[in-house]
Amino acid sequence: MVAVALLAASSGAVRIPLADALRLLWSHTPQKPDDELWRNVLLNIRLPRVLFAAVTGAGLAVCGAALQALFRNPLAEPGLVGISAGGALGAVSAIVLTSGGYAVIAPAAFAGSLAATACAYLVGRRAPGVAGLLLAGVAINTVAGSLIGLLTYLASDNQLRDLTFWSMGSLAGANWRLLAFLGPWTLLCSAWLIGQWRVMNALLLGEREAGHLGYALTSVRRRLVMATALIVGPLVAATGGIGFIGLVVPHLLRMTLGADHRRLLPASILAGALALLLADWLARVAVIPAELPIGLVTSLVGGPFFLWLLARGRRF
């Protein structure tokens with residue numbers, strides 16, 4: 001992950017030799033004519049983006065691992081309970097109904113994620129087990145998709161452009177202020193999820209068996225779902241739609257390392273960070289000087305790779 005982070009920080013429309021990038025991180029004494037340009041690009045643009053990509057990938061992947069344990073389904077991911085759809089509805093509503101820019105879009109997306117999660121939990125708890133939560137999430141995704149379609153129909157041409165780019169995801173808005181807010185928050189919530197590895201292991205045995213082991217399953221479900229919403233909601237608000245990280249990364253790690261969450265959750269954090277770093281690097285260097293939306297890259301790479309796994313007939 002560190003090696004890929006250094007590669008990503010030195011690559012892009014302005015190429016910085018790796019040795020010079022390392023030197024500029026520690027030295028403020030100019031040695032080459034381009035040092036001032038390189039330092040500004042590295043410290044003000046590349047480095048916060050690289051670190052934010054790592055934080056975002058780590059948060060999405062650990063949430064995917066937690067939800068896969070909760071639903072006992074290796075194909076579960078944060079969008080399953082409406083977190084991503086609620087965030088998208090909030091962002092689309094802000095784009096179409098207001099003109100406040102990113103300062104309005106990000107809080108609206110966060111509020112939409114939390115509202116969708118709360119609605120899924122309040123409705124889903126009326127049914128036993130996780131089936132009610134799952135069905136509520138499916139219904140919320142459907143309703144949110146319909147409302148997004150209606151707002152898209154009402155949007156102007158400029159608003160449609162904003163909707164399209166937001167839905168494809170981007171890390172271009174990363175800066176030190178955003179990283180200072182979301183970085184500690186995401187890592188703190190992720191650390192809490194890692195501390196729940198025992199109950200996640202118990203859930204793999206089945207809800208009845210986990211209950212016999214002394215876990216209060218209603219409380220466990222509520223805490224895990226809210227923790228994932230508190231991680232994914234702000235990230236979706238900041239980056240837009242980034243798919244497949246929360247699904248593919250923990251899925252592959254489970255196939256490789258096994259289902260023990262004591263190892264799986266920390267590994268998901270590192271592998272998720274690595275996966276999104278690679279995706280963001282590819283998005284920036286594939287069509288220099290332009291930039292591909294990162295959600296498009298994760299879907300183009302993750303989708304066929306996942307289909308390849310299914311075609312091989314691997315047991316999940």
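Please read these numbers as outputs of a predicted model, since none were measured by experiment.
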Measure across Ala9 and Leu42 and return the closest heavy-atom pair with its distance rounded to 0.1 Å.
O-CD1, 3.7 Å
Assigning hydrophobic clusters by single linkage (Ile, Leu, Val, Met, Phe, Trp, Tyr; side-chain heavy-atom cutoff under 4.5 Å), is Phe110 placed with Ile242?
no
Are Leu300 and Phe165 in one and the same hydrophobic cluster, where Ile, Leu, Val, Met, Phe, Trp and Tyr link if side-chain heavy atoms are under 4.5 Å apart?
no
Test side-chain contact (heavy atoms from CB on, under 4.5 Å) applied to Leu253 - qualifying residues, sequence neighbours left out:
Val249, Leu257, Leu264, Ala267, Ser268, Ala271
Taking only residues two or more places apart in sequence, or in another chain, which ones meet Ile45 in a side-chain contact (heavy atoms from CB on, under 4.5 Å)?
none
Non-neighbouring partners of Asp20 that pass side-chain hydrogen bond (donor to acceptor under 3.5 Å, both in side chains), sequence neighbours left out:
Arg23, Lys32
Quickly, which of Thr239, Asp280, Leu276 forms a side chain to side chain contact (heavy atoms under 4.5 Å, CB included) with Phe52? Name it, please.
Thr239
Would Leu37 and Val41 count as a side chain to side chain contact (heavy atoms under 4.5 Å, CB included) here? Give the steps.
CA-CA 6 Å; Leu37 171 64; Val41 170; 4.0 Å; yes
Please set out all donor-acceptor pairs under 3.5 angstrom arising from side-chain atoms of residues 131-144, sequence neighbours excluded.
residue	atom	partner	partner atom	Å
Asn141	ND2	Gly79	O	3.0
Asn141	ND2	Gly137	O	3.2
Thr142	OG1	Val138	O	2.9

Check for me, please, whether Leu178 and Leu230 land in the same ILVMFWY cluster - side-chain distances under 4.5 Å, paths through other members count.
no
Transitive ILVMFWY cluster of Val123 at side-chain heavy atoms under 4.5 Å: who else is in it?
none
My understanding is that a hydrophobic cluster links ILVMFWY residues whose side chain heavy atoms are under 4.5 Å apart, including indirect links. Using that, what else belongs to the cluster containing Val50?
Met1, Val4, Leu270, Leu274, Leu277, Leu278
Can you get from Leu235 to Val297 by hopping between Ile, Leu, Val, Met, Phe, Trp and Tyr side chains that sit under 4.5 Å apart?
no
Report yes if some heavy atom in the side chain of Met168 is under 4.5 Å from a heavy atom in the side chain of Ser299; otherwise report no.
no
I'd like to know if the side chain of Trp176 reaches the main chain of Leu43, judged simply by a donor and an acceptor atom lying under 3.5 Å from each other, with no hydrogens or angles considered.
yes
Provide the closest heavy-atom pair for Ala69 versus Arg254 in the form atom of the first, atom of the second, distance.
N-NH2, 4.4 Å
Look up atom CG in Leu205 and atom NE2 in His212, then write down how far apart they are to the nearest 0.5 Å.
11.5 Å
Gap between atom CG of Leu67 and atom CZ of Arg72 - 0.5 Å precision:
14.5 Å
Could you go step by step and tell me if Arg49 and Arg284 meet the side chain to side chain contact (heavy atoms under 4.5 Å, CB included) rule?
CA-CA 11 Å; Arg49 178 164 179 162; Arg284 289 191 292 108; 3.6 Å; yes
Gap between atom OG of Ser146 and atom CG of Leu151 - 0.5 Å precision
11.0 Å
Results of side-chain hydrogen bond (donor to acceptor under 3.5 Å, both in side chains) for Arg263 - residues two or more places apart only:
none
By salt bridge (charged side-chain N to carboxylate O under 4.0 Å, His left out), Glu209 pairs with (sequence neighbours left out) none
Could you list all the side-chain hydrogen bond (donor to acceptor under 3.5 Å, both in side chains) pairs where at least one residue sits in residues 184-202, not counting sequence neighbours?
Asn201-Asp260, Asn201-His261
Quick check: closest heavy atoms across Ile245 and Gly57, and the distance to 0.1 Å?
CG2-O, 3.8 Å
For side chain to side chain contact (heavy atoms under 4.5 Å, CB included), just list the numbers for Asn44 and Arg39, CA-CA rounded to whole Å, side-chain angles, deciding distance to a tenth of an Å, and then say yes or no.
CA-CA 8 Å; Asn44 298 325; Arg39 181 178 291 109; over 6 Å; no
Are Ile16 and Trp281 connected into the same hydrophobic cluster when the rule is that any two of I, L, V, M, F, W, Y join if their side-chain heavy atoms are below 4.5 Å apart?
no
Looking at Ile148 and Ala88, what are the two nearest heavy atoms and their distance?
CD1-CB, 3.8 Å
Nearest 0.5 angstrom please: Arg208 CZ to Leu217 CG, how far?
11.5 Å
Apply side-chain hydrogen bond (donor to acceptor under 3.5 Å, both in side chains) to Arg161 and list each qualifying residue two or more places apart in sequence or on a separate chain.
none
Contact summary for Cys189 and Ile231, nearest pair of heavy atoms
CB-CG1, 3.3 Å
Under 3.5 Å: donor-acceptor pair, side chain of Ser10, backbone of Leu7:
yes
Within the structure provided, determine whether Leu224 and Leu203 are in side-chain contact (heavy-atom separation under 4.5 Å).
yes
Criterion side chain to side chain contact (heavy atoms under 4.5 Å, CB included) on Val14 and Arg46, from CA distance to verdict
CA-CA 10 Å; Val14 177; Arg46 297 266 177 83; 3.9 Å; yes
Is a donor on one side and an acceptor on the other found under 3.5 Å between the side chain of Thr228 and the backbone of Val225?
yes
Using the side-chain contact (heavy atoms from CB on, under 4.5 Å) criterion, which residues pair with Ser156? Sequence neighbours excluded.
Asn158, Gln159
Could you give me the CA-CA distance, side-chain angles and deciding distance for Arg222 and Thr218, then say whether side chain to side chain donor-acceptor pair (under 3.5 Å) is met?
CA-CA 6 Å; Arg222 181 176 66 250; Thr218 301; over 6 Å; no
Reported SG-to-CG distance for the pair Cys63 and Leu70, which is rounded to 0.5 angstrom
12.0 Å
Checking Leu160 now: which residues fulfil side-chain contact (heavy atoms from CB on, under 4.5 Å) with it, not counting sequence neighbours?
Thr152, Ala155, Asp157, Leu163
How long is the gap from CG on Asn175 to CG on Leu47, to the nearest 0.5 Å?
12.5 Å
Testing the basics here: between Gly233 and Ile83, what is the closest heavy-atom pair and its distance to 0.1 Å?
N-CG2, 4.3 Å
Look at the side chain of Thr298 and the backbone N and O of Gly295, then say whether any donor-acceptor pair between them is shorter than 3.5 Å.
yes
